[in-house]
Structures are given as structure tokens and as C-alpha cells.
Asker: 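Submitted below is the structure of interest, expressed as C-alpha cells.
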Amino acid sequence: MGNIDTNALFKIEYGLYVVTVKGEELDNGLILNAIMQVTAEPLKVAVTVNKQNYSHDLIKASGVMNVCCLNEKAPFSLFQNFGMKSGRDAYKFIGVNAARSNNGLLYLTEYSNAFVSLSVEQYIDLGSHGMFICAVTEAQILDNVPTMTYGYYYNNVKPKKQPAKKGYICKICGYVYEGEPLPDDFICPLCKHPASDFEKIE
């Protein structure tokens, strides 16, 4: 096997999405980038979710979700709300403009250029993540603002943090771990990525 520079994987471009789901009582949602259309006939979409996320369990239990395609006008506060706190502890739709699709789930009516409703047909255990293979049950265009890519978010939306003098910074969300060394089993408390996605602050 050749050398593996994990930074090479950041050259694979992703869109950014809010995936919505519903628990027994409350709606929930999270930020994801690992979503793709995998077939045209029949029309299917794959959604990959970290098992540590509360929404992973809700999707597995309910078998339905909505994918909201974020546009380039989405502010950092939206990412803080849906990507940096857990639905176990907070209701994420306070002050969020949303409506319900035919499957009964919320979708974002602001900062989203389209939404797609999905019904889970297959679950694949991938270790740290689970992949949901889904049929499309509804899809609508909401506006024509370009879809936000991870590169656009990183360069234009995410605030540039002043790193600590010593420590490690998460390449995904910018969380700073202060101190030495970074434990091998460390998991980012914000985006749930492992220690391999941290780089040392020089």
C-alpha cells in the first residue's frame, strides 16, 4: 500500500446539507456533507451519518428524512445551530423558517435551494458511520442560489479562529484542542470527527 495523505481526501468536493428527521415528540436535524445520488433508475440517494449523532438513531427508527440543500447565503449561525449542538440537549428549529413536506417532516424554506424527501430502503453498517440507501418520495426546487460546497463554507462562511499557542485544530470545523499530546482516541466534541482529522498548531 502506498503513502496515505488524508489531506488528499479534502480535494473531493462536497455540498452541505441540513438533514431533518423527527423523534417521538420533537423535530431534529443535523449538518451533513456525505450525501449523493447513487442511481437514476430507480432513483436512489445514499446518506451517511456518524453513529454518535442523535439523528442517526432517529433515522434508523423512523425510516424517513428530508435533505435540505444549503445555498451560499446560509450564515454561520445555521451551522452552529444544526452542526455544533446535539438534538439530545436542544431544540434546533427555534427561529428557523421551515415548512412540512408530505412525509410530515420539516424542511428549511430559507437558505435552502431544494429539498428531497427520502424513505430508507437499506442500512449498511460502515463502522463509525451508517449508510442509508433511500428512495426519493418528494423533491422540490426552492430557489436558484448556488449550492454551498464545503470549500465555499471553509473560505467564505466559517470564521477564521485565532488558534491556541499549543494544541491541535480540527480540519473539519475548526475546534481547537489545547495541550499536548492529542489523544489517539479523541473525538471532536463539535463535528464528531476523529483525531486523524486534527492538525498540530505550529
Side-chain angles (χ1 to χ4, degrees), residues 4 6-7 9-10 12 14-36 38 45-70 74 76-94 96 105-108 116 118-134 148-150 153-154 157-158 161 167-179 181-200:
I4 297 176
T6 57
N7 289 313
L9 300 178
F10 288 96
I12 301 173
Y14 299 93
L16 286 168
Y17 312 90
V18 168
V19 172
T20 63
V21 67
K22 196 172 189 308
E24 291 183 5
E25 298 179 1
L26 297 177
D27 296 282
N28 194 45
L30 79 164
I31 299 285
L32 284 183
N33 62 2
I35 297 173
M36 65 180 297
V38 290
V45 171
V47 178
T48 304
V49 186
N50 191 308
K51 291 178 183 176
Q52 293 191 19
N53 286 313
Y54 179 48
S55 291
H56 171 274
D57 297 339
L58 296 182
I59 295 168
K60 222 176 166 186
S62 69
V64 292
M65 71 184 99
N66 284 344
V67 173
C68 307
C69 304
L70 295 179
F76 183 65
S77 59
L78 190 79
F79 293 89
Q80 290 177 300
N81 186 40
F82 285 101
M84 299 180 185
K85 57 186 176 182
S86 173
R88 294 182 180 93
D89 309 313
Y91 182 63
K92 299 184 181 183
F93 285 92
I94 295 173
V96 174
L105 301 181
L106 291 174
Y107 66 91
L108 275 60
V116 180
L118 301 176
S119 176
V120 177
E121 295 189 337
Q122 183 182 0
Y123 177 80
I124 303 172
D125 190 324
L126 298 175
S128 63
H129 290 62
M131 177 182 284
F132 300 89
I133 306 297
C134 308
M148 184 180 294
T149 63
Y150 183 79
Y153 164 78
Y154 189 85
V157 179
K158 187 174 86 167
K161 290 192 174 184
Y168 297 79
I169 187 165
C170 178
K171 295 182 286 188
I172 306 300
C173 71
Y175 174 82
V176 173
Y177 175 89
E178 296 185 29
L182 178 70
D184 291 340
D185 60 352
F186 185 76
I187 300 294
C188 179
L190 296 184
C191 68
K192 307 295 190 265
H193 277 249
S196 59
D197 286 325
F198 280 71
E199 59 186 2
K200 190 171 183 178

Asker: N33 side chain to Y14 main-chain N or O, any donor-acceptor pair under 3.5 Å?
Answerer: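 Here the side-chain-to-backbone pair does not exist.
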
Asker: Looking at V96 and K92, what are the two nearest heavy atoms and their distance?
Answerer: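 Result for this residue pair: CG2-O, 3.5 Å.
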
Asker: When you measure from the side chain of Y154 to the backbone N and O of K171, does any donor-acceptor pair fall under 3.5 Å?
Answerer: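 Judged by distance alone, no pair lies under 3.5 Å.
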
Asker: Can you tell me how far CE of M65 sits from CD1 of I35, rounded to the nearest 0.5 angstrom?
Answerer: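 I35 atom CD1 to M65 atom CE measures 8.0 Å (nearest 0.5 Å).
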
Asker: Decide yes or no for F79 and C173: does some side-chain heavy atom of the first lie under 4.5 Å from some side-chain heavy atom of the second?
Answerer: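 F79 vs C173: side chains apart.
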
Asker: At their closest point, which heavy atom of N66 faces which heavy atom of Y107, and how far apart are they?
Answerer: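 Heavy atoms of N66 and Y107 come nearest at ND2-CB, 4.1 Å.
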
Asker: Taking the side chain as everything from C-beta on, heavy atoms only, tell me whether L108 gets closer than 4.5 Å to F93.
Answerer: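 Side chain of L108 against side chain of F93, heavy atoms only: contact under 4.5 Å found.
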
Asker: In Å, rounded to the nearest 0.5 Å, how long is the span from CG of L30 to CE of M84?
Answerer: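 So the gap between those two atoms works out to 13.0 Å.
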
Asker: Using residues 55-63 as the side-chain source, report each donor-acceptor pair under 3.5 Å to any protein atom, sequence neighbours left out, with the distance given to one decimal.
Answerer:
residue: S55; atom: OG; partner: N28; partner atom: ND2; Å: 2.8
residue: H56; atom: NE2; partner: Y123; partner atom: OH; Å: 2.8
residue: S62; atom: OG; partner: L58; partner atom: O; Å: 2.9
residue: S62; atom: OG; partner: V64; partner atom: N; Å: 3.4
residue: S62; atom: OG; partner: V64; partner atom: O; Å: 3.3

Asker: As an exercise, state the distance from CG of L32 to SG of C68, rounded to the nearest 0.5 Å.
Answerer: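 Reported to 0.5 Å precision, the distance equals 11.0 Å.
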
Asker: Of all the heavy-atom pairs spanning A90 and K85, show the shortest one and how long it is.
Answerer: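 In terms of heavy atoms, the two residues are closest at CB-CD, 4.1 Å.
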
Asker: Distance check, rounded to the nearest 0.5 Å: L78 atom CG versus I31 atom CD1?
Answerer: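 Between atom CG of L78 and atom CD1 of I31 there are 5.5 Å.
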
Asker: Does D125 have more than 12 heavy atoms from other residues, nucleotides or ligands lying within 6.0 Å of its CG?
Answerer: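 Yes.
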
Asker: Considering non-hydrogen atoms only, spot the tightest contact between L118 and C134 and give its length.
Answerer: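 Closest approach of L118 to C134: CB-CB, 3.6 Å.
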
Asker: Distance check, rounded to the nearest 0.5 Å: K192 atom NZ versus C170 atom SG?
Answerer: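 That separation rounds to 11.0 Å.
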
Asker: Heavy atoms, side chains only, cut-off 4.5 Å: are Y91 and D27 in contact?
Answerer: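 Sidechains of D27 and Y91: in contact.
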
Asker: Taking the side chain as every heavy atom from C-beta outward, state whether Y175 and C191 have any pair of such atoms under 4.5 Å apart.
Answerer: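 No, every pair of side-chain atoms sits at 4.5 Å or beyond.
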
Asker: Could you pull out every donor-acceptor pair under 3.5 Å between side chains of residues 16-26 and any protein atom, sequence neighbours left out?
Answerer:
residue: T20; atom: OG1; partner: L106; partner atom: O; Å: 2.5
residue: K22; atom: NZ; partner: E25; partner atom: O; Å: 3.3

Asker: Identify, with sequence neighbours excluded, every residue that meets side-chain contact (heavy atoms from CB on, under 4.5 Å) alongside S77.
Answerer: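 S77 satisfies side-chain contact (heavy atoms from CB on, under 4.5 Å) with P75, Q80 only.
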
Asker: To the nearest 0.5 Å, tell me how far L126 CG sits from N50 CG.
Answerer: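 It comes to 11.0 Å.
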
Asker: Answer with yes or no after comparing the ring centroid distance for F198 and Y177 against a 6.0 Å cut-off, counting only values under it.
Answerer: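 No - the distance between ring centres of F198 and Y177 does not fall below the 6.0 Å cut-off.
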
